[in-house]
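Just below is one structure, and these are the notes that go with it.
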Amino acid sequence: DGGITQSPKYLFRKEGQNVTLSCEQNLNHDAMYWYRQDPGQGLRLIYYSQIVNDFQKGDIAEGYSVSREKKESFPLTVTSAQKNPTAFYLCASVLRGLGGNTEAFFGQGTRLTVV
Amino acid sequence: KNEVEQSPQNLTAQEGEFITINCSYSVGISALHWLQQHPGGGIVSLFMLSSGKKKHGRLIATINIQEKHSSLHITASHPRDSAVYICAVRSVTGNQFYFGTGTSLTVIP
């Protein structure tokens, strides 16, 4: 079955350590996105990628890095420069088909806790 | 002002009640998504709509493109429906999502 997979679901890290969140899709989707959710707030865009080897900063990119070496994968690294990394992280992917038809899928999310 | 507004923010219902959650948006969209998030858990995608109405089990989602409004209905609500429901819209170009802040639903037995 095609889908989008985030792993792990829960992640704990010590303060000052970099951590990488995985997002993989086998849907042949072109675009992939990373969002962050804090309590009481809507999801905010961290980074997105429209094609392989290209990505753009979103609204809250500071302290994060991404790569898009393969179409299927868009890992997010939370660096030690991110001041408040504890949050829920959501990955999404979009296929832009012909005639404007699109489809979008969301991962389950990863809840990161930094102690 | 947020591009997507949901109401109510919090909702408590008795088991069996009919529930409606509303979503209004201010941007042009290619599609609207309803997502469910359980406490401490992950996201489940419930519906994707670009027009009309969709039904899945006890859940019904409607969208009115002219009025820029969508509703999520839950019939015969059950405690396991307790979750945060999030409305998300995809921009006309399909390049961007905008999310509501969510509606926290608690269904009491």
Side-chain angles (χ1 to χ4, degrees), chain A residues 2-11 21 23 25 27 29-51 54-60 88-113, chain B residues 1-11 21-51 54 61 63 65 70 83-105:
Chain A
I4 182 169
T5 303
Q6 280 187 248
S7 60
K9 192 172 180 180
Y10 299 97
L11 188 55
L21 281 57
C23 181
Q25 51 94 5
L27 302 158
H29 282 185
D30 306 298
M32 297 184 74
Y33 304 79
W34 275 106
Y35 294 90
R36 169 184 170 135
Q37 184 189 48
D38 293 286
Q41 295 191 38
L43 288 138
R44 293 179 292 166
L45 181 64
I46 305 172
Y47 268 99
Y48 66 101
S49 168
Q50 304 282 13
I51 56 172
D54 185 60
F55 46 83
Q56 306 295 329
K57 291 183 179 180
D59 302 318
I60 54 167
F88 179 80
Y89 292 87
L90 182 67
C91 180
S93 69
V94 172
L95 173 69
R96 293 192 302 282
L98 296 176
N101 292 323
T102 63
E103 65 174 21
F105 280 77
F106 295 91
Q108 281 196 73
T110 293
R111 192 166 295 278
L112 173 65
T113 303
Chain B
K1 184 183 184 297
N2 291 337
E3 289 85 356
V4 179
E5 299 280 356
Q6 284 184 239
S7 64
Q9 276 192 307
N10 297 284
L11 182 56
I21 299 170
N22 296 300
C23 174
S24 296
Y25 53 92
S26 57
V27 296
I29 70 168
S30 59
L32 182 144
H33 299 260
W34 280 103
L35 310 175
Q36 181 191 56
Q37 185 176 31
H38 282 279
I43 294 282
V44 174
S45 188
L46 299 174
F47 294 104
M48 184 188 76
L49 294 162
S50 53
S51 65
K54 285 190 176 179
I63 188 168
I65 297 294
S70 175
V84 174
Y85 293 84
I86 299 170
C87 174
V89 300
R90 194 146 34 101
S91 64
V92 171
T93 59
N95 292 344
Q96 181 64 280
F97 289 97
Y98 301 95
F99 295 86
T101 54
T103 294
S104 179
L105 171 66

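Order of the sequence lines fixes the chain letters, A, B, ..., with proteins taken first and strands second; residue numbering starts at 1 for each chain. Remember, predicted model here, so these are calculated numbers, not experimental data.
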Nearest non-hydrogen partners of Thr101(B) and Gln41(A), listed with the distance
CG2-C, 4.2 Å

Atom CG in Leu90(A), atom CZ in Phe99(B): separation rounded to 0.5 Å?
6.0 Å

For Ala104(A) and Met48(B), the nearest pair of non-hydrogen atoms, with its separation, is N-SD, 4.3 Å

Most heavy-atom pairs under 4.5 angstrom with chain A, which of Val4(B), Leu35(B), Ile86(B)?
Leu35(B)

Report the C-alpha distance between Gln37(B) and Phe88(A) in whole Å, list the side-chain angles of each, state the deciding distance to 0.1 Å, and finish with yes or no for side-chain contact (heavy atoms from CB on, under 4.5 Å).
CA-CA 11 Å; Gln37(B) 185 176 31; Phe88(A) 179 80; 3.4 Å; yes

Distance check, rounded to the nearest 0.5 Å: Leu46(B) atom CG versus Phe106(A) atom CZ?
11.0 Å

Side chain from CB out, backbone as N, CA, C, O: work out which of these in Leu43(A) comes under 4.5 Å of a heavy atom of chain B, or both, or neither.
both

Please look at Gln37(A) and chain B and tell me whether the side chain, the backbone, both or neither of the residue comes under 4.5 angstrom of a heavy atom of that chain.
side chain

